[in-house]
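Following: one structure in structure tokens, then a few remarks.
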Amino acid sequence: MDRYEPLKIEQKWQKIWEKEEAFKASEEEGRPKMMLAEMFPYPSGAGLHVGHVRNFTIVDVLTRFYRQQGLNVLRPFGYDTFGLPAENYAIKTGTAPQEVTKENIANFRKQAKKLGYAIDWSREINTSDPEYYKWTQWCFLQLYKKGLAYQKESYQWWCPEDQTVLANEQVENGKCWRCGHEVEKKKMKQWFFKITDYADELLDEIDNLEWPDKIKTMQKNWIGRSVGSEIEFKLLASSFSGRSSRPSSRGSSLSPRSDCGFPSKEALTSLNSITVFTTRPDTILGATFIVVAPEYVGLEYIVSDDAREEVMKYKAEALKKSEIERQENKEKTGVFTGAYAINPATKEKIPIWVADYVLAGYGTGAIMAVPAYDERDREFAEKFDLPVVEAELIDRDLYGAPKVMYKMRDWLISRQRYWGCPIPIAYDKEGNPHPIPEDQLPVMLPEIEDYKPDASGRSALAKAKDWLKVEIDGEEMTRETDTLDGYACSSWYLWRYASPHDTEAAWDAEAIKYWEPVDYYCGGDHAVAHLLYIRFWCKFFADMGYLPFREPIKRLLYNGYINAPDGKKMSKSKGNVIDPLDVINDGYGADTLRTYEMFIGPYDLDAAWDTRSVGGVYRFLNRCYNLQEASTASNAAIRNKTIKKVTEDIHRYSFNTAVAALMEYVNELYKSGAEKEDLVVLAKLLKPFAPHLASEMLERLDSDDEWPKWDEKYLVADTVELVVQVNGRLRAKFEVPVDDLEDEDKIIKMVLDDKKVQKYTEGGIKKTIFVKKAKLINIVV
RNA sequence: GGCCGGGUGGCGGAAUUGGUAUACGCGUUCGACUUAAAAUCGAAUGGGGAAACCCGUACGGGUUCAAGUCCCGUCCCGGCUACCA
């Protein structure tokens with residue numbers, strides 16, 4: 001008996017695959033393709049963790065499965081390298097992020113190769129490579145040209161720890177997604193992508209995607225479409241506080257979304273009404289007061305002189321409150337503005353209040369409060385003793401104009417950080433932005449000495465004096481010092497995979513048309529952010545004529561986490577981290593690690609690591625390796641059954657039961673003895689999970705790796721087991737010829753004549769039910 | 001608070017369309033090999049009972065010849081979301 005030495009076998013095959021460039025893919029017109037990818041990793045200094053292995057192995061199992069079925073398969077790989085960890089490390093140690101990133105990539109590559117993934121290594125990409133981010137900048141310019149990249153001043157989330165603004169999607173529970181520090185609101189001029197232009201399409205096409213419902217629902221909720229009305233409430237003239245600049249007869253109404261910029265002075269001085277958004281215009285007869293957000297843009301023009309001091313104090317306090325404080329304290333607060341408006345339906349004079357339970361960023365920042373129908377309004381009315389009127393409902397469209405609102409905001413992309421893709425913009429002496437001409441791309445990220453950001457609201461790039469100067473059309477300009485949100489870099493990388501070395505374009509039209517959209521995309525993170533952004537860019541570039549499809553990802557597999565043996569999240573500080581490279585080097589090898597992580601449980605659920613079960617998988621592979629050929633056996637039935645089971649299980653991503661089926665098969669073969677064909681089929685079915693061992697077995701058997709097909713005729717046995725229940729309880733089993741199942745009378749007679757069955761049926765039989773498909777008889781007595 | 005998952009042996013889990021609950025693996029016990037151990041191989045393994053049998057998929061009801069699976073109610077766990085008018 002040979003000893004199974006995984007490390008030796010694995011090294012041998014990894015060398016062969018490397019030398020042969022075994023997984024290099026190229027377009028072949030007419031040959032069906034398959035493109036698969038994982039969410040590319042951020043190459044951290046810690047190297048691969050078991051979560052990466054699960055994620056990458058799922059993709060690899062599918063990759064090899066479809067390769068063995070003869071499809072033209074592309075499985076590329078890349079690195080998402082811009083971001084805070086490398087920069088923070090640079091600040092701490094003075095090592096350039098460029099250097100650290102290079103080392104980390106080299107380590108990730110080495111480790112991924114040790115796991116035997118069927119990657120086309122000629123297509124490696126890295127988002128911080130100027131050859132790559134040149135085209136990220138090009139993408140930005142396309143959006144800019146169409147007005148979908150724009151600047152505006154507004155209150156934004158600011159992380160005082162990381163000294164940068166954050167997108168809404170990067171604020172979790174009022175805390176920074178990276179460092180966990182509480183975020184603040186800060187008024188700043190920032191760059192945005194106008195994702196809201198695509199809100200409707202992003203929402204409507206979700207239902208057509210083969211994605212997990214969980215993700216689809218999260219995206220729907222994030223976009224948050226509400227259908228309602230905007231209704232104008234005229235301000236009561238007498239409520240104005242004798243300001244000299246009276247609203248003119250050409251007065252206008254404001255419907256400001258506070259994050260959409262600031263209205264002109266003229267608009268404000270002519271303010272004579274408030275527009276509210278409501279999903280219940282039919283309840284307007286019960287609207288007994290109006291509430292505006294503390295940040296409401298027209299607030300100081302509405303407020304009466306008597307109330308001014310108190311209102312401004314309330315506003316200042318509300319702005320100071322952190323998001324956490326606002327969340328923790330659900331107790332309603334607010335103050336009366338001293339102003340009144342007219343309810344257009346009842347013609348009654350109703351008071352205008354300011355309260356922080358109304359959000360500035362949603363709708364118009366003002367609501368009509370209907371305490372009889374809305375719980376929050378009722379709470380507020382009760383606390384401040386405002387009238388509650390149980391009014392009847394009316395026709396929705398009588399007093400307002402239908403309007404659709406979204407929770408989703410535009411995507412804030414400026415980051416006041418060094419280690420990111422420079423935004424290809426420069427400013428003239430008047431401060432007007434100008435795009436960097438495409439032929440001057442890439443705007444290189446300069447090497448600097450001091451990476452530390454400060455509270456100035458500008459990135460460390462502001463200190464790179466030479467780099468700041470740029471000449472456009474003969475005019476001296478100053479570069480933008482903010483860098484792009486890393487999510488911008490990852491919003492188009494899947495298309496770069498089609499032609500990763502293209503120097504003429506971000507992606508090659510022909511190559512894209514052949515390979516994409518991506519057939520399978522696998523990851524366990526970024527349910528809304530990345531997966532929404534990439535859909536947005538896809539739709540935009542489709543509109544520009546650069547992409548021949550409007551959804552970038554056909555099928556999404558969202559895998560669960562692997563936790564520590566104690567069920568808790570793995571973390572360095574808890575000291576419960578399992579290093580996948582240790583598992584390999586301990587002698588188990590990559591095949592065991594891969595197969596174990598597929599066997600650990602359903603791919604989409606979290607699972608806890610169990611070191612002893614790793615040994616069980618190793619024993620299984622060892623048994624595969626040592627299974628000897630015996631000439632006498634005939635296992636066509638179990639063999640074909642196993643082919644079918646494994647094939648169908650992989651198709652439905654039930655990797656754990658596919659491995660279990662292979663274990664059963666091997667157990668069976670050890671009992672009955674294996675034919676050569678059994679060994680060949682075993683190796684072929686095993687290959688997606690344990691490719692090195694399977695390759696070794698196939699070489700020994702002198703076989704190719706073509707995926708086997710099953711023949712239904714072997715799955716039909718001569719005899720079947722007939723189950724007999726009495727009142728639903730299992731009482732007897734009979735081995736009967738399969739043909740007898742066609743003759744119900746004969747079967748029932750045979751069963752009722754049986755002594756063992758008669759023991760239960762002495763008292764008389766009410767009826768018998770024969771279920772041919774289940775090979776089951778139920779006798780009711 | 002709202003929405004979505006989930007609750008099955010000592011443990012991870014299986015049961016795909018309402019039809020034999022607990023596949024496969026771990027663990028445990030016993031046996032073989034060995035001076036011994038490891039490794040490996042074989043057998044047993046939901047609970048109760050001497051047995052016939054009985055009880056068992058969070059809990060309480062219901063539908064059905066038949067329920068882990070469908071319906072109603074309750075409890076617990078996880079995720080997302082969180083004053084979005």
Side-chain angles (χ1 to χ4, degrees), chain A residues 1 3 172-174 212-218 220-222 224-226 228 276-281 283 287 291 326-327 329-332 355-359 361-370 373-377 379-380 405-409 527-528 560 565 567 596 599-602 604-617 619-620 622-623 626 645 648-649 651-652 654 656-667 670-671 721-733 759 766-781:
Chain A
M1 209 201 276
R3 215 177 113 70
E172 295 167 350
N173 271 331
D213 287 337
K214 184 172 85 174
I215 310 300
K216 291 201 208 180
T217 307
M218 281 167 75
K220 281 182 191 170
N221 292 342
W222 185 262
R225 175 156 65 189
S226 295
V276 305
F277 174 71
T278 178
T279 53
R280 294 295 307 276
T283 64
V291 188
R326 278 203 193 188
Q327 271 173 14
N329 186 12
K330 290 264 167 89
E331 180 80 6
K332 297 276 180 293
D356 68 1
Y357 85 90
V358 173
L359 305 177
Y362 184 75
T364 63
I367 62 156
M368 65 175 206
V370 187
Y373 288 95
D374 186 284
E375 213 177 304
R376 298 152 301 183
D377 295 346
E379 235 178 86
F380 193 80
M405 283 289 173
Y406 302 90
K407 279 194 217 175
M408 185 171 66
R409 297 290 110 80
V528 281
Y596 170 66
F599 185 62
I600 196 168
D604 56 339
L605 300 183
D606 291 354
W609 189 269
D610 179 9
T611 304
R612 288 185 299 201
S613 289
V614 177
V617 171
R619 278 192 282 280
F620 160 63
N622 194 14
R623 277 160 71 80
N626 283 301
K645 173 77 177 153
E648 291 181 348
D649 279 357
H651 271 298
R652 66 189 179 105
S654 185
N656 55 328
T657 55
V659 174
L662 289 170
M663 290 172 168
E664 269 185 87
Y665 182 44
V666 169
N667 291 344
Y670 264 91
K671 279 182 201 143
E721 191 180 59
L722 180 76
V723 171
V724 177
Q725 297 179 332
V726 178
N727 285 346
R729 289 162 179 276
L730 175 67
R731 293 302 185 192
K733 288 178 181 181
K759 210 169 80 184
K766 287 194 186 125
K767 64 172 165 176
T768 55
I769 292 129
F770 174 58
V771 189
K772 193 165 95 183
K773 220 181 93 202
K775 293 161 274 176
L776 176 145
I777 287 179
N778 192 13
I779 303 163
V780 185
V781 295

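Quantities reported herein were computed from a predicted structural model and do not represent experimental measurements. Chain A is the first sequence line, chain B the second, and so forth, proteins listed ahead of strands; every chain is numbered from 1.
The residue A:Lys773 sits close to a base: some heavy atom pair falls under 4.0 Å. Heavy atoms of A:Glu721 sit under 4.0 angstrom from at least one base atom.
Checked against B:rG19, B:rC53, B:rU16, the side chain of A:Arg731 finds its nearest nucleotide in B:rC53. Taking only side-chain atoms of A:Ser226, from C-beta outward, the nucleotide of B:rA85, B:rG27, B:rA23 with the closest atom is B:rA85. Of all nucleotides listed (B:rG13, B:rG27, B:rC24), B:rG13 comes nearest to the side chain of A:Pro602. Side-chain proximity of A:Ala660 to the nucleotides B:rU20, B:rC65, B:rC24 is greatest for B:rC24. Taking the side chain of A:Arg623 as heavy atoms from C-beta on, and the options B:rA85, B:rC24, B:rC41, the nearest nucleotide is B:rC41. Among B:rA23, B:rG19, B:rA15, the nucleotide with an atom closest to any side-chain atom of A:Arg652 is B:rA15. Here the side chain of A:Thr278 is nearest to one of B:rC24, B:rA85, B:rC80, namely B:rA85. In this structure, the nucleotide among B:rC53, B:rG19, B:rC26 sitting nearest to the side chain of A:Lys759 is B:rC53. The A:Arg619 side chain lies nearest to B:rC26 when the options are B:rU16, B:rG19, B:rC26. Out of B:rA21, B:rA15, B:rC3, the shortest distance to the side chain of A:Leu730 is found at B:rA21.
Contact check for A:Met368 versus A:Thr283: side-chain heavy atoms found under the 4.5 Å cut-off.
Close to B:rU64, at under 4.0 Å from its OP1 or OP2, lies no side-chain N or O of A:Asn778. Phosphate contact (OP1/OP2 of B:rC65, side-chain N/O of A:Lys767, threshold under 4.0 Å): present. When the side-chain nitrogen and oxygen atoms of A:Tyr670 are compared with OP1 and OP2 of B:rC41, none of them lie within a distance under 4.0 Å. A sub-4.0 Å separation between OP1 or OP2 of B:rC55 and a side-chain N or O of A:Arg729 is present. For the pair A:Lys671 and B:rC41, the criterion of a side-chain N or O lying under 4.0 Å from OP1 or OP2 is not met. Checking the phosphate oxygens (OP1, OP2) of B:rU16, no side-chain nitrogen or oxygen of A:Thr657 falls inside 4.0 Å. At B:rA14, one or more side-chain N or O atoms of A:Asn656 fall inside 4.0 Å of OP1 or OP2 (strictly under the cut-off).
Between the C1' atoms of B:rU28 and B:rG18, the separation comes to 36 Å (whole Å). Comparing the C1' positions of B:rC70 and B:rG1 gives an interatomic distance of 29 Å, to the nearest angstrom. The gap from the P atom of B:rA85 to that of B:rG78 amounts to 29 Å, rounded to the nearest Å.
At distances below 3.5 Å, not a single donor-acceptor pair connects side-chain atoms of A:Asp374 with backbone N or O atoms of A:Val370. Proximity of a side-chain donor or acceptor of A:Arg731 to a complementary backbone N or O of A:Ile779 within less than 3.5 Å is not detected.
Both A:Asn727 and A:Arg280 lie close to RNA chain B; mapped to their nearest nucleotides by heavy-atom distance, the more 5′-ward contact belongs to A:Asn727. Checking A:Ala608 against A:Ile367, the closest nucleotide of RNA chain B that is more toward the 5' end is the one next to A:Ala608.
Stem analysis of RNA chain B (Watson-Crick or G-U pairs, both distances under 3.5 Å, runs of at least three) returns B:1-7 with B:75-81, B:10-12 with B:24-26, B:27-32 with B:40-45, B:46-48 with B:53-55, B:58-62 with B:70-74.
For the ring-ring contact (aromatic ring centres under 6.0 Å, His included) test, residues two or more places apart in sequence or in another chain that qualify with A:Tyr596 are A:Trp609.
For B:rU20, its base never sits under 3.5 Å from the side chain of A:Gln725 at any donor and acceptor pair. On a pure distance criterion of 3.5 Å, a polar donor-acceptor pair joins the side chain of A:Lys332 and the base of B:rC83. In the interface, the side chain of A:Lys733 is paired with the base of B:rU20 through a donor and an acceptor atom under 3.5 Å apart. A:Lys645 contributes a side-chain N or O that forms a donor-acceptor pair with the base of B:rU16 under 3.5 Å.
A side-chain donor from one of A:Asp377 and A:Tyr357 sits under 3.5 Å from a side-chain acceptor of the other.
Residue A:Asn667 contributes atom CG, which lies 13 Å from atom P of B:rA44 at whole-angstrom precision.
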